[in-house]
Amino acid sequence: MSRARAVSGQRLGDLGAAHGVSVPPDLRRAKGWVGNLMERLLGATATSRSVPDFEKIGVELKTLPVSSRGVPLESTFVCTIPLGEVGDVEWEESRVFRKIRRVLWMPVQGERQIPVGERMVGAPLLWSPSDAQCAQLRFDWEELAGVIGRGDVESITGHLGVVLQVRPKAANAASRRRGVDQDGANFATLPRGFYLRSSFTRGILADNFSLPEVRRP
DNA sequence: TATTGATCATGC
DNA sequence: GCATGATCAATA
């Protein structure tokens with residue numbers, strides 16, 4: 001938290017320069033740049049292993065692009081979906097629950113009109129879901145995991161789910177991953193991931209900071 | 001214009 | 001291919 005507070009209020013360009021990281025002209029070809037920079041600044045273990053960013057304290061790091069008024073501009077990716085087994089897993093042992101039980105949110109200005117190097121880091125927030133938030137997440141997760149477990153992943157669109165949604169998570173629309181239908185037969189389908197809706201993360205910020213009045217799901 | 005579906009980069 | 005880090009951009 002000391003490190004997080006130290007970068008709060010600073011511009012990405014200055015932070016990058018201090019760490020020998022060059023700033024891309026935009027994020028079209030560097031979508032993970034802000035997240036990767038924050039990992040370096042805060043001392044997270046930057047690997048592709050399925051463990052929390054801060055392994056010893058069980059904390060996941062998430063940067064959150066926000067407007068000048070502090071409203072999230074994008075949904076938040078949580079995890080990919082093991083299509084063949086998600087229907088047989090309990091909520092408490094799910095990837096979603098494990099991933100978001102402790103999150104360090106780092107809001108960062110995300111408006112495209114602001115040059116990447118001039119975007120400022122906001123106030124950090126170490127967060128765990130409240131009982132009410134857990135209930136919301138669990139409700140959506142059980143519905144979505146249930147549909148996938150029935151072998152109906154193809155019927156899911158981003159519209160389903162109040163706080164959590166399922167959307168593609170792939171290199172492109174031709175990507176394929178094994179799925180399992182109701183009869184246990186394999187089939188090829190687009191890889192999917194769970195995402196937190198921006199209305200949900202907006203509520204998290206609103207609960208902890210002074211933001212414009214918002215309606216939460 | 002908010003949102004969904006598509007896409008980009010990197011490591012192993 | 002699948003995990004990490006996400007944002008872009010077409011469209012409803």
Side-chain angles (χ1 to χ4, degrees), chain A residues 12 15-16 19 21-55 59-67 69 71-86 94-96 98-100 103-116 119 121 140 144 153-180 186-203 212 214-217:
Chain A
L12 297 182
L15 292 167
H19 290 258
V21 178
S22 60
V23 181
D26 57 61
L27 300 182
R28 283 180 298 181
R29 297 257 162 174
K31 296 184 178 184
W33 186 83
V34 179
N36 293 149
L37 174 64
M38 215 54 64
E39 288 178 336
R40 293 182 64 147
L41 297 176
L42 302 183
T45 315
T47 73
S48 59
R49 294 178 304 151
S50 297
V51 296
D53 295 296
F54 301 102
E55 200 169 352
V59 172
E60 177 71 19
L61 172 63
K62 288 288 185 192
T63 57
L64 187 58
V66 296
S67 73
R69 293 165 67 87
V71 175
L73 296 170
E74 293 286 349
S75 56
T76 299
F77 174 70
V78 179
C79 58
T80 53
I81 307 177
L83 297 171
E85 46 189 87
V86 71
S94 68
R95 289 186 182 187
V96 174
R98 290 175 181 276
K99 177 78 70 172
I100 65 176
V103 178
L104 174 61
W105 296 101
M106 294 297 294
V108 178
Q109 287 183 309
E111 287 158 331
R112 293 183 210 177
Q113 66 192 74
I114 308 175
V116 176
R119 297 181 190 180
V121 180
D140 283 349
L144 294 162
V153 65
E154 305 287 21
S155 74
I156 295 180
T157 70
H159 297 279
L160 194 57
V162 177
V163 298
L164 194 67
Q165 63 182 170
V166 169
R167 305 219 310 275
K169 170 63 172 175
N172 55 60
S175 298
R176 286 296 178 267
R177 188 172 185 175
R178 270 196 305 281
V180 180
N186 288 334
F187 65 97
T189 188
L190 190 60
R192 325 280 169 125
F194 283 113
Y195 293 79
L196 298 176
R197 290 186 182 276
S198 56
S199 54
F200 184 75
T201 53
R202 186 176 66 197
V214 296
R215 182 186 306 275
R216 287 188 288 288

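A note on names: the letters A, B, ... follow the listed sequences, proteins ahead of strands, and every chain is numbered from 1. Just so it is clear, the values below take in all heavy atoms, side chains as well, and ignore hydrogens, waters and symmetry mates.
Between Arg197(A) and dT3(B), a side-chain N or O to OP1/OP2 separation shorter than 4.0 Å is absent. Contact check, Arg178(A) against dC2(C): no side-chain N or O comes under 4.0 Å of OP1 or OP2. Contact annotation: Thr63(A) reaches the phosphate of dA6(C) (side-chain N/O to OP1 or OP2, under 4.0 Å). A sub-4.0 Å separation between OP1 or OP2 of dA3(C) and a side-chain N or O of Thr80(A) is present.
Note on Gly32(A): a base of the nucleic acid sits closer than 4.0 angstrom, heavy atoms only. Contacts of Pro65(A) with the nucleic acid, taken as non-hydrogen atoms under 4.0 Å apart, involve only primed sugar atoms and P, OP1 or OP2. Note on Leu73(A): nothing from the nucleic acid sits closer than 4.0 angstrom, heavy atoms only. Within the 4.0 angstrom heavy-atom criterion, no nucleotide atom of any strand lies near Ser175(A). At the heavy-atom level, Arg177(A) lies under 4.0 Å from the strands shown only through sugar-phosphate atoms. The residue Ala173(A) sits close only to the backbone: its heavy atoms come under 4.0 Å of sugar-phosphate atoms, none of a base. Looking at heavy-atom distances under 4.0 Å, Ser75(A) makes contact with a base.
Closest to the Lys62(A) side chain, of the nucleotides dA6(B), dA6(C), dC8(C), is dA6(C). Taking the side chain of Arg29(A) as heavy atoms from C-beta on, and the options dA3(C), dC8(B), dA6(B), the nearest nucleotide is dC8(B). Among the nucleotides dT4(B), dG5(C), dA9(C), the one closest to the side chain of Asn36(A) is dG5(C).
Both Glu74(A) and Arg28(A) lie close to DNA chain B; mapped to their nearest nucleotides by heavy-atom distance, the more 5′-ward contact belongs to Glu74(A). Annotation: of the two residues near DNA chain C, Ile81(A) and Tyr195(A), the 5′-most nearest-nucleotide partner is Ile81(A). Taking for each of Ala170(A) and Arg95(A) the nucleotide of DNA chain C with the nearest heavy atom, the 5'-most of the two is the partner of Arg95(A).
The two residues Leu144(A) and Leu164(A) make their nearest non-hydrogen contact at CD1-O, 3.8 Å.
Between the side chain of Lys169(A) and the base of dG5(C), a donor-acceptor pair under 3.5 Å is found.
Contact check for Ser94(A) versus Val86(A): no side-chain heavy atoms found under the 4.5 Å cut-off. Asp26(A) places none of its side-chain heavy atoms less than 4.5 Å from the side chain of Arg112(A). Considering only heavy atoms from C-beta on, Val66(A) stays 4.5 Å or farther from Leu73(A) through its side chain. Taking 4.5 Å as the limit, some side-chain heavy atom of Ser67(A) sits within range of a side-chain heavy atom of Glu111(A). Contact check for Ile100(A) versus Thr76(A): no side-chain heavy atoms found under the 4.5 Å cut-off. Annotation: side chain of Thr201(A) is not in contact with side chain of Lys62(A) (no heavy-atom distance under 4.5 Å). Contact check for Phe187(A) versus Val153(A): side-chain heavy atoms found under the 4.5 Å cut-off.
Atom P of nucleotide dG11(B) and atom CZ of Arg40(A) are separated by 12 Å, given to the nearest angstrom. Rounded to whole Å, atom P of dT7(B) lies 9 Å from atom NZ of Lys31(A). Atom CD of Glu60(A) and atom C1' of dA3(C) are 12 Å apart (whole Å). Atom CG of Leu37(A) and atom P of dA6(C) are 11 Å apart (whole Å). Atom C1' of nucleotide dC2(C) and atom CZ of Arg192(A) are separated by 16 Å, given to the nearest angstrom. Rounding to whole angstrom units, CG of residue Leu160(A) and P of dT3(B) are separated by 16 Å. In this structure, Leu196(A) atom CG and dG5(C) atom P are separated by 13 Å, rounded to whole Å. Rounded to whole angstrom, the span from the CD atom of Gln165(A) across to the P atom of dA6(B) amounts to 13 Å.
Residues in residues 188-197 of chain A take part in these salt bridge (Lys or Arg N to Asp or Glu O under 4.0 Å) pairs, two or more places apart or across chains: Glu154(A)-Arg192(A).
Within the helix from dT1(B)-dA12(C) to dC12(B)-dG1(C), the inter-axis angle between the opening and closing five-pair segments is 30°, rounded to 10°.
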Anything under 3.5 Å between a protein N or O and an N or O of nucleotides 10-12 of chain C, put it in a table, one pair a line.
none

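Counting non-hydrogen atoms of neighbouring residues, nucleotides and ligands closer than 6.0 angstrom, the CZ atom of Arg176(A) exceeds 12 such neighbours.
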With side chain to side chain contact (heavy atoms under 4.5 Å, CB included) as the criterion, how do Val162(A) and Phe200(A) come out once you've worked through the C-alpha distance, each side chain's angles and the decisive distance to 0.1 Å?
CA-CA 9 Å; Val162(A) 177; Phe200(A) 184 75; over 6 Å; no

